[in-house]
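In what follows, a single structure is set out as structure tokens and then discussed.
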Amino acid sequence: MAQNDTKKKDLIQLAAFLALIVLAGWLSANWFFRIDLTAEKRYTLAPITRDFLRNMESDVMVKVYLDGELNVGFQKLARATREALDEFRIISRGKFHYEFVDPMEDSEARQELEKMELKPVPVFESSADGRKIQSNVYPYALFNVDGYDLPVNLLENLPGLSGAENLNISMEGLEYKITDVIRRLISDEVPAIAFLEGQGQLDELDVFDISEALSYYYQVDRGSLTEDPYILDNYKALIIAKPSSQFSERDKFIVDQYIMRGGRVLWLVDAVQVTLDSLRTSTQTVGLATDLALNDQLFRYGVRINPELVQDVQAAMIPVNVSTPGEQPQLVPVPWMFNPLLNTNREHPVTRNINIVKGEFVSSIDTVGSPAGIQREVLLRTGRHSRRLPVPVFISLAMVNEQPDRAEFPHSYVPVAVSLSGEFPSVYANRPIPPGVNISPSEVRHQSEPTRMIVVADGDVIRNDVRMRHGGSPQPMPLGFDEVGNQNFGNKDFILNAIHYLADDEGWMALRTRNYQLRMLDREKLANDIVFWQWLNLLAPVLFLVLIGLVFTLWRKMKYGREASRD
């Protein structure tokens with residue numbers, strides 16, 4: 001009798017155990033959850049992303065081409081992408097659908113990528129016999145919403161960083177990249193931005209490349225100011241790109257009141273009038289202060305652009321003809337210290353994880369006063385060895401022959417671009433309204449709404465080079481591309497991020513500041529203790545299984561021993 005009761009109990013326990021397994025399987029298939037124990041919360045989506053996904057109505061189809069035979073680093077990126085898409089799918093209540101495709105095995109996928117001009121990234125690895133093996137990786141994803149496609153490059157590749165660091169940066173940016181492309185696909189409204197004209201700013205050809213890049217996100221307009229003080233109110237941001245003539249009081253007033261009503265401005269201003277083109281026709285030139293009549297306005301907002309040029313040992317190259325007169329020209333790339341390579345602020349969303357920015361005849365910026373409620377952060381600065389040359393500055397191509405003595409470059413990390421945010425005082429507080437503006441005194445604002453602006457002491461940061469084709473027609477070059485060094489600097493990313501930051505009302509740019517700590521193995525310690533870790537990895541699973549078997553056997557003996565003694 002006791003034996004039958006024991007069998008019944010065993011059957012009930014077995015049935016309960018099987019039911020528990022089935023329930024766990026059902027829950028794992030239909031309820032995705034994850035406990036994030038990381039210090040930086042790398043597996044937790046930001047509240048703004050979660051709210052966006054919960055309110056999203058359209059279905060999103062994603063095709064990820066990061067699949068197949070990948071090395072360990074790209075496997076991590078593929079796994080992080082899959083986990084991010086899983087999280088998006090669950091929070092959006094199943095509106096995300098994705099698949100991973102191996103382009104090396106799928107010829108149709110390769111053709112799709114070729115049509116979109118998405119080229120493979122070569123990866124070089126060492127084989128066991130020391131040979132270099134090259135493989136191609138396609139780190140791209142194609143997003144589709146309601147029949148509209150947009151590709152995304154999942155890989156960041158910053159020069160000077162290791163492969164592991166670039167892959168870590170790529171994983172940091174996944175949430176921002178995915179939300180950015182979805183918002184672009186489902187948005188019905190296109191915000192507008194404007195390039196200001198009328199004060200000798202850069203023309204359309206000089207900003208062609210950045211205008212084209214911005215047109216994927218915004219309606220890009222150009223125009224001059226009129227007597228209408230509200231003419232700028234429909235624009236999310238205003239770009240003032242390298243003005244060369246004075247601003248009238250009327251135009252300054254209209255820009256000031258635009259800021260007072262919450263407008264955002266990207267100032268790209270040269271304090272010294274000099275260009276590299278002037279040295280192509282003459283071996284020397286003089287840099288003089290540019291009087292734009294903006295000093296009082298920028299000073300009121302909390303910054304001052306100094307009338308000086310900054311030289312830096314860390315500089316870009318320019319081609320110089322080293323042949324003697326009468327011989328065939330021989331161009332040699334040499335460092336030009338008036339073209340500093342500007343370091344970025346790794347903590348700010350505008351400049352985080354972008355390449356160094358190339359400047360050309362840049363000036364320095366000082367923050368002035370202590371305006372209450374205004375936050376100021378340096379975005380770009382020079383390198384460790386810089387010097388400041390006040391105007392007038394005599395500039396000659398012969399300077400390329402100078403051997404820089406670092407003792408003559410006493411300044412370090414001179415600010416060149418600053419971000420300002422808060423409530424700004426009006427430069428026209430307690431001043432009369434300039435003539436030519438149709439506005440009553442009661443409409444003039446003396447304090448701004450919370451807003452932001454970016455001031456850059458170099459107008460050429462936004463300017464792309466223009467080359468003449470054989471037929472004589474001009475051809476704009478990519479912004480930030482250096483033909484001499486055959487490399488891309490971070491100018492385009494800097495301007496794009498600056499406009500995104502200025503036009504961002506909801507806080508999406510904060511996603512770019514996510515920081516994942518890169519935890520690297522101690523290779524020296526690993527090499528010294530490799531035998532220990534190999535044996536540990538080999539024996540630990542076996543010992544664990546043996547331990548479970550012993551515990552289960554002892555438990556059964558104790559259980560049935562007690563039941564036998566009771567009988």
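Bear in mind that the values here come from a model prediction, so they are computed numbers and not experimental data.
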| task | Applying side chain to side chain contact (heavy atoms under 4.5 Å, CB included), run through Val255 and Trp267 and close with a yes or a no. | result | CA-CA 11 Å; Val255 173; Trp267 304 84; 4.0 Å; yes
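- Judged by distance alone, with hydrogens and angles left aside, the side-chain atoms of Asp146 form no donor-acceptor pair with the main-chain N or O of Ile186 at under 3.5 Å.
- Between Phe88 and His97, the gap from one ring centroid to the other reaches at least 6.0 Å.
- When atom types are taken as modelled, the side chain of Asn144 and the backbone of Val60 share no donor-acceptor pair closer than 3.5 angstrom.
- Looking at Asn168, its side chain never comes within 3.5 Å of a backbone N or O of Ala164 through a donor-acceptor pair.
- The CD atom of Glu423 sits 10.0 Å away from the CE atom of Met260 when rounded to the nearest 0.5 Å.
- In terms of modelled atom types and a separation under 3.5 Å, the side chain of Asp102 and the main chain of Glu69 share no donor-acceptor contact.
- Between Leu496 and Leu214 there is a side-chain heavy-atom pair separated by less than 4.5 Å.
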| Checking side chain to side chain contact (heavy atoms under 4.5 Å, CB included) for the pair Tyr138/Leu66: CA distance, chi angles, key distance, verdict? | CA-CA 6 Å; Tyr138 293 86; Leu66 194 59; over 6 Å; no
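- Here the closest non-hydrogen pair linking Val484 and Pro333 is CG1-CB, 3.2 Å.
- Between Tyr258 and Ile231, the closest side-chain pair of non-hydrogen atoms is not below 4.5 Å.
- The pair Asp180-Lys177 does not meet the salt-bridge criterion, since no charged nitrogen lies less than 4.0 angstrom from a carboxylate oxygen.
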| said: Run Trp508 and Leu511 through side chain to side chain contact (heavy atoms under 4.5 Å, CB included) and show every step you take. | reply: CA-CA 6 Å; Trp508 288 105; Leu511 297 179; 3.7 Å; yes
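- The structure places CD1 of Ile90 at 13.0 Å from NZ of Lys95, a figure rounded to the nearest 0.5 Å.
- A heavy-atom distance below 4.5 Å is not found between the side chains of Asp209 and Pro476.
- Side-chain contact of Glu112 with Tyr65: a donor-acceptor pair under 3.5 Å is present, judged by distance alone.
- Residues Ile239 and Ile462 meet the side-chain proximity criterion, which asks for heavy atoms closer than 4.5 Å.
- At least one side-chain heavy atom of Val207 sits under 4.5 Å from a side-chain heavy atom of Ile210.
- One finds no salt bridge joining Arg512 and Glu347 here, because no Lys/Arg side-chain nitrogen approaches an Asp/Glu carboxylate oxygen to under 4.0 Å.
- The number of heavy atoms from other shown groups lying within 6.0 Å of NZ (Lys76) does not exceed 12.
- For the pair Arg183 and Phe52, the cation does not sit on the ring face, since its NZ or CZ is not both under 6.0 Å from the ring centre and inside 45° of the axis.
- The structure places CZ of Arg463 at 6.5 Å from CG of Asp206, a figure rounded to the nearest 0.5 Å.
- Within the 3.5 Å criterion, the main-chain N or O of Gly262 finds a donor-acceptor partner in the side chain of Thr451.
- Judged by distance alone, with hydrogens and angles left aside, the side-chain atoms of Arg376 form a donor-acceptor pair with the main-chain N or O of Gly302 at under 3.5 Å.
- Looking only at distances, a side-chain donor or acceptor of Asp458 sits under 3.5 Å from a matching main-chain atom of Glu360.
- Here Leu118 contributes atom CG and Asn153 contributes atom CG; the two are 8.0 Å apart, rounded to the nearest 0.5 Å.
- The minimum heavy-atom distance linking Ala141 with Phe143 is given by the pair CB-CE1, 3.8 Å.
- Asp106 contributes a side-chain N or O that, together with a main-chain N or O of Ala109, makes up a donor-acceptor pair within less than 3.5 Å.
- Side-chain contact between Ile91 and Leu45 is present, with at least one heavy-atom pair separated by less than 4.5 Å.
- When all heavy atoms of Thr513 and Arg352 are compared, the closest pair comes out as CA-CD, 3.6 Å.
- Within a 6.0 Å radius of OH in Tyr230, more than 12 heavy atoms belonging to other residues, nucleotides or ligands are found.
- For the residue pair Gly459 and Asp270, the shortest heavy atom distance occurs at N-OD1, 2.7 Å.
- For the residue pair Tyr218 and His500, a side-chain donor N or O sits within less than 3.5 Å of a side-chain acceptor on the partner.
- Here the straight-line distance linking atom CG of Leu502 with atom CE of Met453 works out to 9.5 Å at 0.5 Å rounding.
- Minimum interatomic distance between Pro122 and Asn136 (heavy atoms only, all atoms of both residues): CA-OD1, 3.9 Å.
- A donor-acceptor contact shorter than 3.5 Å is absent between the side chain of Gln201 and the backbone of Lys242.
- There is a side-chain donor-acceptor pair under 3.5 Å between Ser162 and Glu165.
- Val456 and Ala417 make their closest contact through CG2-CB, 3.9 Å (heavy atoms, listed as atom of the first residue, atom of the second, distance).
- Of the candidates Leu155, Asn353, Thr81, Leu155 is the only one forming a side chain to side chain contact (heavy atoms under 4.5 Å, CB included) with Ser170.
- Looking only at distances, no side-chain donor or acceptor of Asn339 sits under 3.5 Å from a matching main-chain atom of Ala315.
- Between Leu142 and Val62, every side-chain heavy-atom pair lies at or beyond the 4.5 Å cut-off.
- With contacts defined as side-chain heavy-atom distances shorter than 4.5 Å, the pair Ile240/Leu266 does not qualify.
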| task | Take Phe96 and Met56 through the test side chain to side chain contact (heavy atoms under 4.5 Å, CB included) and record every step on the way to the result. | result | CA-CA 10 Å; Phe96 263 77; Met56 191 175 66; 3.7 Å; yes
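- In this model, a donor atom of one side chain and an acceptor atom of the other lie less than 3.5 Å apart for Tyr235 and Asp221.
- Checked for salt-bridge contact, Glu175 and Arg514 meet the test: a charged N lies under 4.0 Å from a carboxylate O.
- Legend: ring-ring contact (aromatic ring centres under 6.0 Å, His included) pairs involving residues 341-360, not counting sequence neighbours, sorted by first then second residue: His348-Tyr501.
- Tyr98 and Asp86 share a side-chain donor-acceptor pair at under 3.5 Å.
- With Leu379 as reference, Ile454 is the one residue of Thr344, Val455, Ile454 to meet the side chain to side chain contact (heavy atoms under 4.5 Å, CB included) rule.
- With values rounded to the nearest 0.5 angstrom, Gln487 atom CD is found 9.0 Å from Met317 atom CE.
- Annotation: cation-pi geometry satisfied between Arg184 and Tyr217 (NZ/CZ under 6.0 angstrom from ring centroid, within 45° of ring axis).
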